[in-house]
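Notes follow once the structure below has been shown.
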2 protein chains.
Amino acid sequence: MVAARAPELDVRAAVVTEAMRLFAAHGFDGTALQDIADAVGVTKPAVLHHFPSKEHVRQAVLEEILAHWNETLPRLLLAASRGVDRFDAVFGELHRFFAADPNRARVVMREALDRPEQMKKLLRGPVRPWLAAVADYIKAGQRGLGHYADVDAEAYVVHILQLVLMATAAAPVTRAVLEDDAKGRYDRELARIARASLFSPRDAQKESPRPEPARSKKAAR
Amino acid sequence: MVAARAPELDVRAAVVTEAMRLFAAHGFDGTALQDIADAVGVTKPAVLHHFPSKEHVRQAVLEEILAHWNETLPRLLLAASRGVDRFDAVFGELHRFFAADPNRARVVMREALDRPEQMKKLLRGPVRPWLAAVADYIKAGQRGLGHYADVDAEAYVVHILQLVLMATAAAPVTRAVLEDDAKGRYDRELARIARASLFSPRDAQKESPRPEPARSKKAAR
DNA sequence: CCTACCGATCGGTAGG
DNA sequence: CCTACCGATCGGTAGG
């Protein structure tokens, strides 16, 4: 059922929502204005009444993602405490941001492929302070909190960001490799890789699962 | 300068080469048959003489990538020795495969986004034995060679594959974040993340394996 | 006059 | 392999 008569502002928002979904699935070139119009339930000229051109629809989609990102950013930067807890908080915010709507990750990835120069500007502009802040956290950790000394903070942050992007975007595909409970396993391993490659073990493991046994008591099948 | 009169077989190969480059840069939907024809230096119907449809050009591009992959696979599976050395050899082969031509990574990523179902079949088919073999290496390492006990071998391999794909595909973009010597730093950090998240330090670090600390307590409150 | 559209069609280009 | 085209569909805009 449709919400009957929706004010004109709802059309704009609906176009952005449907365009994000269609761009994520088929790309910008693979999506016709008619597809967007059909998804919203209006005519194509109606879409072009709210957006001067298809290009403006794309910009609106990217701005929507960036706006949500800027909402998440403060929570992320103010994330809890220190050490492993702070890492888990920051990583969790990042992962949830894209996992909450994998289409965000797909659109960003397609944008990076389709318009590398524009994505460079985004990285040098709005995204850079956030990357720098997280990298500073890591550098502080290297000076006394048990991070690996040989971590390249900036490169690490970029790689982890890419990994989260790719993992959330491609989750339905990669799940074809694992048969059982694939979602939980991928998410867990993703967080483990990010954590284990940052923290030297004496600080990273709070739960003492490895009491340095001469022989591991874990039975491998 | 052009090699003057090229036999008809060269046209087919040239179409695949140029199509790979164009598909990587602009995507399948963003590339016209005329673009490919222009890049090769023939007419559009000439392209369609060698390939019944644009879809066949795409398949040929994917088969080209898969063929190269299958050339690399033996070297990769027979990679040297054990432990860290074998890891470096396997990871090195994987990374070189995509770094040698980043367009391979871009085409694969676009394919995963555009045709998830077809990519699933590829993962369940030709790619799976390779993933399973590498995962088995890791499981063997967990039983005595110093890999982290909590590594999810299959999920780890998939994530590292994704990370290498994304990092090579997006390298020109991410290099916008780092100013100096970005290439070397990203490659080095990529390998470090993969290695550090797999090997427990007493085996991975030849310098100073940490003795077991009495308290593995973390600094958090 | 404004808004929010519609039916029809613009110039170009797609795959074939 | 080229010239010459097709049915359709592209993004975008006309008048009403």
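None of the values given here were measured: they were computed from a predicted structure. Residue numbering restarts at 1 for every chain, and letters A, B, ... go by the order of the sequence lines.
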Distance in angstrom units between [X] [atom1] and [N] [atom2], rounded:
{"X": "B:His56", "N": "C:dG16", "atom1": "NE2", "atom2": "C1'", "answer": "13 Å"}
{"X": "B:His49", "N": "C:dG15", "atom1": "NE2", "atom2": "C1'", "answer": "18 Å"}
{"X": "A:Lys44", "N": "D:dT13", "atom1": "NZ", "atom2": "P", "answer": "11 Å"}
{"X": "A:Leu48", "N": "D:dC10", "atom1": "CG", "atom2": "C1'", "answer": "12 Å"}
{"X": "B:Lys54", "N": "D:dA8", "atom1": "NZ", "atom2": "P", "answer": "19 Å"}
{"X": "A:Arg58", "N": "D:dC10", "atom1": "CZ", "atom2": "P", "answer": "17 Å"}
{"X": "A:Arg12", "N": "C:dC5", "atom1": "CZ", "atom2": "C1'", "answer": "16 Å"}
{"X": "A:Ile36", "N": "D:dG12", "atom1": "CD1", "atom2": "P", "answer": "10 Å"}

Under the rule of Watson-Crick or G-U wobble with both distances under 3.5 Å, where | means paired to another strand and [ ] a crossing pair, DNA chain C maps to .....|...|....||

For [X], give me all partners under side-chain hydrogen bond (donor to acceptor under 3.5 Å, both in side chains), at least two apart in sequence or on another chain.
{"X": "B:Asp38", "answer": "B:Gln34"}
{"X": "A:Lys121", "answer": "none"}
{"X": "B:His49", "answer": "none"}

Give a yes or no on whether the backbone of B:Ala155 and the side-chain of A:Glu189 come within a donor-acceptor separation of less than 3.5 Å.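 Not at all, since once roles are kept as given, no pair shorter than 3.5 Å links the two residues.
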
For a quick test of your reading: what N or O donor-acceptor pairs under 3.5 Å do the side chains of residues 18-30 of chain B make, sequence neighbours left out?
unit_1: B:Glu18; atom_1: OE1; unit_2: B:Arg21; atom_2: NE; d: 3.0
unit_1: B:Glu18; atom_1: OE1; unit_2: B:Arg21; atom_2: NH2; d: 2.5

- Shortest side-chain distance from B:Pro45, nucleotide among D:dC1, D:dT3, C:dG15: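 The nucleotide sitting nearest to the side chain is D:dT3.
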
Quiz item: Does NZ or CZ of B:Arg175 come closer than 6.0 Å to the centre of the six-membered ring of B:Tyr186, within 45° of the ring's axis?
Solution: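 Judged by the rule (NZ or CZ under 6.0 Å from the ring centre, within 45° of its axis), B:Arg175 is not positioned above B:Tyr186.
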
Just grab all the ring pair (Phe, Tyr, Trp, His ring centres under 6.0 Å) pairs involving residues 100-121 of chain A, residues at least two apart or on different chains.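 Those involving residues 100-121 of chain A do not exist here.
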
If we take the P atom in both D:dA8 and C:dG12, what is their distance in whole Å?
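To the nearest whole Å, 22 Å.
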
* Asked: Roughly how far apart, to the nearest Å, are D:dT9 and C:dG11 at atom C1'?
  ->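 These two C1' atoms come out 13 Å apart once rounded.
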
Anything under 3.5 Å between a donor and an acceptor, one on a side chain of residues 94-108 of chain A, the other on a protein residue two or more places apart or in another chain? List them.
unit_1: A:Asp101; atom_1: OD1; unit_2: A:Asn103; atom_2: N; d: 3.1
unit_1: A:Asn103; atom_1: OD1; unit_2: A:Arg106; atom_2: NH1; d: 2.9
unit_1: A:Arg104; atom_1: NH1; unit_2: A:Phe97; atom_2: O; d: 2.7
unit_1: A:Arg104; atom_1: NH2; unit_2: A:His68; atom_2: ND1; d: 3.0
unit_1: A:Arg106; atom_1: NE; unit_2: A:Ala169; atom_2: O; d: 2.9
unit_1: A:Arg106; atom_1: NH2; unit_2: A:Ala169; atom_2: O; d: 3.3

Could I get the full list of side chain to side chain contact (heavy atoms under 4.5 Å, CB included) partners for B:Asp136, not counting sequence neighbours?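 Listed in chain order: B:Lys139.
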
With the threshold set at under 4.0 Å for non-hydrogen atoms, list the residues of residues 16-34 of chain B touching DNA chain C in residue-number order.
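Going residue by residue through residues 16-34 of chain B, the ones with a heavy atom under 4.0 Å of DNA chain C turn out to be B:Thr31, B:Ala32, B:Leu33.
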
